[in-house]
J.: 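So that we are looking at the same thing, I have put the structure below in structure tokens.
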Number of protein chains: 2
Amino acid sequence: MGRQPSAKPTSFDIAYLAGVSQPTVSRALRGSKSVSAATRANIERIARELNYTVDKNASSLRSQRTHTLALLFFEDPNPDESMINPFFLSMLGSITRECARRGYDLLISFQQMHNDWHVAYQDSHRSDGIILLGYGDYQLYLTKLEHLVEMGTKFVRWGSVSEEGIGLTVGSDNIGAGEQAGAHLVEIGRRRIAFLGDASDHAPEFQDRYDGLCRAMRAAGLEPDAALQRDAVSSEDSGYAAAVSLLASGAPFDAIFAASDLIAIGAMRALAEAGLHMPQDVAIIGFDDIPAASLTSPTLTTVMQDMKGAGTLLVDALLSRIEDRPVERCILPARLIRRQSTAV
Amino acid sequence: MGRQPSAKPTSFDIAYLAGVSQPTVSRALRGSKSVSAATRANIERIARELNYTVDKNASSLRSQRTHTLALLFFEDPNPDESMINPFFLSMLGSITRECARRGYDLLISFQQMHNDWHVAYQDSHRSDGIILLGYGDYQLYLTKLEHLVEMGTKFVRWGSVSEEGIGLTVGSDNIGAGEQAGAHLVEIGRRRIAFLGDASDHAPEFQDRYDGLCRAMRAAGLEPDAALQRDAVSSEDSGYAAAVSLLASGAPFDAIFAASDLIAIGAMRALAEAGLHMPQDVAIIGFDDIPAASLTSPTLTTVMQDMKGAGTLLVDALLSRIEDRPVERCILPARLIRRQSTAV
DNA sequence: CGCCATAGGGTATACGTATACGCATAATAT
DNA sequence: ATATTATGCGTATACGTATACCCTATGGCG
């Protein structure tokens, strides 16, 4: 009744009530084995009654561990920023949940791609590890990653797993996903399959998807035609331009695998303007399963990544690295979502 | 060369190099006026050279201020979670940027609407203030808000400003936005305008939009017809159902103002299935300007909220409250985006 | 019966910063 | 010339926790 709600209880309060010393409280709550079961139970009960929470600042100060992870989100430098991939938003949800579950706080920070990356350095003081998130051109800051490694900063990033580059990478099974998409197109009888998306070092994830497509085609006895590949970054305009270029080349094709839904949507616009029917004339598959994919006409077949799994795995992997445990798994399966654009 | 990169410099290191005491360093860097300009300049120079950053844990522990804000995001309990309003994502970006600019960290936490809200209590220990974000049914936790007020926790929430409820609220000018939408529909000659969206206390933002619509109609000498209003929550399915119900009623209408783009998209599906042409038979306006709004056919006229401004303003208002300054402004303008669905 | 290992927990202290207080020196006032 | 006040800074200490170290009681062993 007369209790001040603002009077945060400390470990001393608990110690007093439990008739032990403050360090014993600390040990009990941290799970040290040099405290008897009875004492521990008593302390935990009192702590619960008082609504006690460990003061993170004091704890971090003393132990030099923050129990906080930092999330650096790299925004696409491309203009239609409202189109930020919803994939990352879902991931954000599962990341925060996993952090909470493991008793970590999550510090978040958006980065302009070219900007003060040294913020990462700052954040490395404030967190035990860093999660790097972003689509697109990782090349831009690979040298910065090396810098992080040098400083011994623990981090994990989302991207192409096959690449085996700097640091620890977690990502979808882009190759397998590409194979699924390719196999599906082959299955519905398509032979000349185009690919829209950078197939260069700049976008390893896109390249993996292309590799998967090629693998599926070869498995079906088809040889991928390099003339049917067009570079594109993940935007509607870029997809439109790529499809226009493809159409202009005159090379015949009966299917398109786009490296992202945005690219696919742009391409669909170009195809429609050219008077082509989907999927009759050209079947099309995207990637990401963004909400808009079910609004296009025809609705877009696409590949869905495991967003919840991704967040969990990123946090898991990072914590493993922080605690110097080996990281077991860092590839996530993807799943093909069949819609009208490949329904023959 | 021989410097250990991991040896974080402390205020003592700086004090030693500057030939002063540690407290003087602290004072100089915090901007206390009881340190001479020369001393301060010298200290700042050394700090910069050493790449010194204040240890936030120590600082917070001593000052009992965390320089951290917590963001509680309330997820819609509705199933199509991938459709999380992109509006909030953009807001997230500007919130993080504004926090960074003001020297605050941002702790983020997603909440299931009905779940352990008492997490907010925990977070109130770890942050100086809380930002509450979420669309939808705020009623559910109004009692919890009262609890926060009781505990003296500083917070600000996104929502209907007109409502004047508990705590500090920042939001778009929903009434003005509704007026703009209504005026536009009247301008293109529509007389019987339907409204899809909860017009109840449960969704004050939607109610404001409806009120704005009514105001615009009355200003044009039209009387809103209550029979043309249908409840709907922000989802495609709900919008579809509402439109179907409206059509079934047989009441004539020549325009729809939907309380959100998702509702509008669902309604468009129902209209198309009923063989109605947009905008000839029925003009339609949504709200939010989600990316999908420019993908529908016809493309959707909608109201765009000032996302960047919203994040900035939320942080601003919260910091004002924390520092016991009056809050000046908490309403943001919205802008009508004209597309095909109202282009006669 | 003495010796040592072990369990269980107390004592003292460190983490890095911010602030109350005191103490000079210098600048003004009386 | 003395009293008064402001300026600029040092001294001491507190914030709440975690950990290195030490101590006691007990039990096992020879």
Side-chain angles (χ1 to χ4, degrees), chain A residues 4 6-44 46-47 50-68 103 105 122 124-128 323, chain B residues 4 6-44 46-47 50-68 103 105 122 124-128 323:
Chain A
Q4 305 290 355
S6 52
K8 247 188 343 190
T10 74
S11 52
F12 282 99
D13 298 328
I14 299 190
Y16 176 76
L17 290 176
V20 298
S21 71
Q22 176 269 330
T24 299
V25 172
S26 174
R27 282 188 280 252
L29 296 178
R30 309 266 355 260
S32 160
K33 58 190 156 69
S34 68
V35 53
S36 74
T39 306
R40 179 195 316 282
N42 190 32
I43 286 174
E44 282 174 344
I46 296 177
L50 290 194
N51 231 319
Y52 169 80
T53 56
V54 175
D55 184 303
K56 290 210 43 153
N57 292 314
S59 172
S60 299
L61 176 59
R62 175 59 232 240
S63 66
Q64 298 298 74
R65 302 205 43 232
T66 65
H67 265 258
T68 296
D105 281 341
Q122 304 244 3
S124 72
H125 280 345
R126 299 181 180 170
S127 65
D128 296 336
E323 294 157 12
Chain B
Q4 305 290 355
S6 53
K8 247 188 343 190
T10 74
S11 51
F12 282 97
D13 298 328
I14 300 191
Y16 176 76
L17 291 177
V20 297
S21 71
Q22 176 269 329
T24 299
V25 173
S26 174
R27 282 188 281 251
L29 296 178
R30 311 262 0 259
S32 160
K33 57 191 157 70
S34 69
V35 53
S36 75
T39 306
R40 179 195 316 281
N42 190 32
I43 287 175
E44 282 173 345
I46 296 177
L50 290 194
N51 231 320
Y52 169 80
T53 56
V54 175
D55 184 303
K56 288 210 45 154
N57 292 314
S59 173
S60 298
L61 176 59
R62 174 61 232 239
S63 65
Q64 298 297 74
R65 303 206 41 228
T66 64
H67 265 256
T68 296
D105 282 341
Q122 304 244 5
S124 72
H125 280 344
R126 299 181 180 169
S127 64
D128 297 336
E323 293 157 12

J.: Please report the distance, rounded to the nearest Å, between CG in A/Leu29 and P in D/dA18.
T.: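 The answer, rounded to whole Å, is 8 Å.
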J.: Where the side chain of B/Asp55 is defined as all heavy atoms beyond and including C-beta, which of D/dA18, C/dG16, D/dT17 is the nearest nucleotide?
T.: C/dG16
J.: Anything under 3.5 Å between a protein N or O and an N or O of nucleotides 11-13 of chain C, put it in a table, one pair a line.
T.:
none

J.: Name all residues meeting the side chain to side chain donor-acceptor pair (under 3.5 Å) criterion together with A/Ser63; count only those two or more places apart in sequence or in a different chain, and write none if there are none.
T.: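 Testing A/Ser63 for side chain to side chain donor-acceptor pair (under 3.5 Å), a comparison that skips the adjacent residues, returns none.
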J.: Check whether any side-chain N or O of A/Gln64 sits under 4.0 Å from OP1 or OP2 of D/dT17, and answer yes or no.
T.: no
J.: What's the spacing between B/Ser21 OG and B/Phe12 CZ if we round to 0.5 Å?
T.: 9.0 Å
J.: For the pair made of CG in A/Asn42 and C1' in C/dG9, what is the distance, rounded to whole Å?
T.: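 Distance, rounded to whole Å: 14 Å.
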J.: From A/Ser11 OG over to A/Leu50 CG, what is the distance, rounded to the nearest 0.5 angstrom?
T.: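 Those atoms lie 11.5 Å apart.
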J.: Just how far, in rounded Å, is C1' of D/dT17 from CG of A/Asp13?
T.: 13 Å
J.: Restricting to non-hydrogen atoms, name the atom on B/Arg40 and the atom on B/Lys33 that form the minimum distance, rounded to 0.1 Å.
T.: NH2-CA, 4.2 Å
J.: Flag the pair A/Arg27 / A/Thr24 as yes when at least one side-chain heavy-atom distance between them is below 4.5 Å, and no otherwise.
T.: yes
J.: With the side chain of A/Leu61 defined as its heavy atoms from C-beta on, choose the nearest nucleotide among C/dT17, D/dG10, C/dC15.
T.: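 Out of C/dT17, D/dG10, C/dC15, the nucleotide with an atom closest to A/Leu61's side chain is C/dC15.
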J.: Expressed in angstrom and rounded to an integer, what is the separation of B/Ile43 atom CD1 from C/dA18 atom P?
T.: 12 Å
J.: Rounded to the nearest Å, what distance is computed from the CG atom of residue B/Asn57 to the C1' atom of nucleotide C/dA18?
T.: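 For the pair B/Asn57 CG and C/dA18 C1', the rounded distance is 15 Å.
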J.: Output all residues satisfying side-chain contact (heavy atoms from CB on, under 4.5 Å) with A/Arg62, sequence neighbours left out; order by chain, then residue number.
T.: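 Listed in chain order: nothing, the list is empty.
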J.: Could you state the interatomic distance from OG1 (A/Thr66) to CG (A/Asn57), rounded to the nearest 0.5 Å?
T.: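 The CG atom of A/Asn57 is 10.5 Å from OG1 of A/Thr66, to the nearest 0.5 Å.
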J.: Any side-chain heavy atom of B/Tyr52 sitting closer than 4.5 Å to one from B/Leu29?
T.: yes
J.: Can you see if the side chain of B/Ser59 gets near the phosphate of C/dT17 - specifically, an N or O under 4.0 Å from OP1 or OP2?
T.: no
J.: Nearest-Å distance, CG (A/Leu50) to P (D/dG16)?
T.: 15 Å
J.: Side chain of B/Ser34 only, heavy atoms from C-beta on: which candidate in D/dC9, C/dT17, D/dA18 is closest?
T.: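 Taking heavy atoms from C-beta onward, the closest nucleotide is D/dC9.
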J.: For the helix from C/dC1-D/dG30 to C/dT30-D/dA1, how many degrees between its two end axes (five pairs per end), to the nearest 10°?
T.: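 The value is 40°.
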J.: So, OP1 or OP2 of D/dT17: does either fall under 4.0 Å of a side-chain N or O from A/Ser11?
T.: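 Answer yes for this pair, as a side-chain N or O of A/Ser11 is under 4.0 Å from OP1 or OP2.
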J.: Taking side chain as C-beta onward, heavy atoms only, is A/Ile46 less than 4.5 Å from A/Asn42?
T.: yes
J.: Nearest whole Å is fine: how far is D/dC15 P from A/Lys8 NZ?
T.: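 Between P of D/dC15 and NZ of A/Lys8: 12 Å.
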J.: Specify the separation, in whole Å, of atom CZ of A/Phe12 and atom P of D/dT17.
T.: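 Answer to the nearest Å: 8 Å.
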J.: Report the distance from atom OG1 of B/Thr39 to atom CD of B/Glu44, rounding to the nearest 0.5 Å.
T.: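 Going from OG1 on B/Thr39 over to CD on B/Glu44, the span is 11.0 Å.
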J.: Please enumerate all protein N or O atoms sitting under 3.5 Å from an N or O of nucleotides 23-26 of chain C, with distances to 0.1 Å.
T.:
none

J.: When all nucleic acid strands are considered with a 4.0 Å heavy-atom cut-off, which category describes A/Thr39: base, sugar-phosphate, or nothing?
T.: sugar-phosphate
J.: Does a side-chain N or O from B/Thr10 land closer than 4.0 Å to OP1 or OP2 of C/dC15, or not?
T.: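 Indeed not, no polar side-chain atom of B/Thr10 lies that close.
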J.: Taking only residues at least two apart or on different chains, which pairs with a member in residues 50-59 of chain B satisfy salt bridge (Lys or Arg N to Asp or Glu O under 4.0 Å)?
T.: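 Passing the test, one end in residues 50-59 of chain B: B/Lys8-B/Asp55, B/Lys56-B/Asp105.
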J.: Using a 4.0 Å heavy-atom cut-off, does A/Val25 contact any base of the nucleic acid, only the sugar-phosphate backbone, or nothing at all?
T.: nothing
J.: Closest to the A/Arg30 side chain: D/dT19, D/dT17, C/dG9?
T.: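 Closest of the options to the side chain of A/Arg30: D/dT19.
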J.: Closest to the B/Ala58 side chain: D/dG16, D/dA18, C/dT17?
T.: C/dT17
J.: Show the nearest heavy-atom pair for residues A/Ile43 and A/Val25, with the distance to one decimal.
T.: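 Minimum heavy-atom separation between A/Ile43 and A/Val25: CD1-CA, 3.9 Å.
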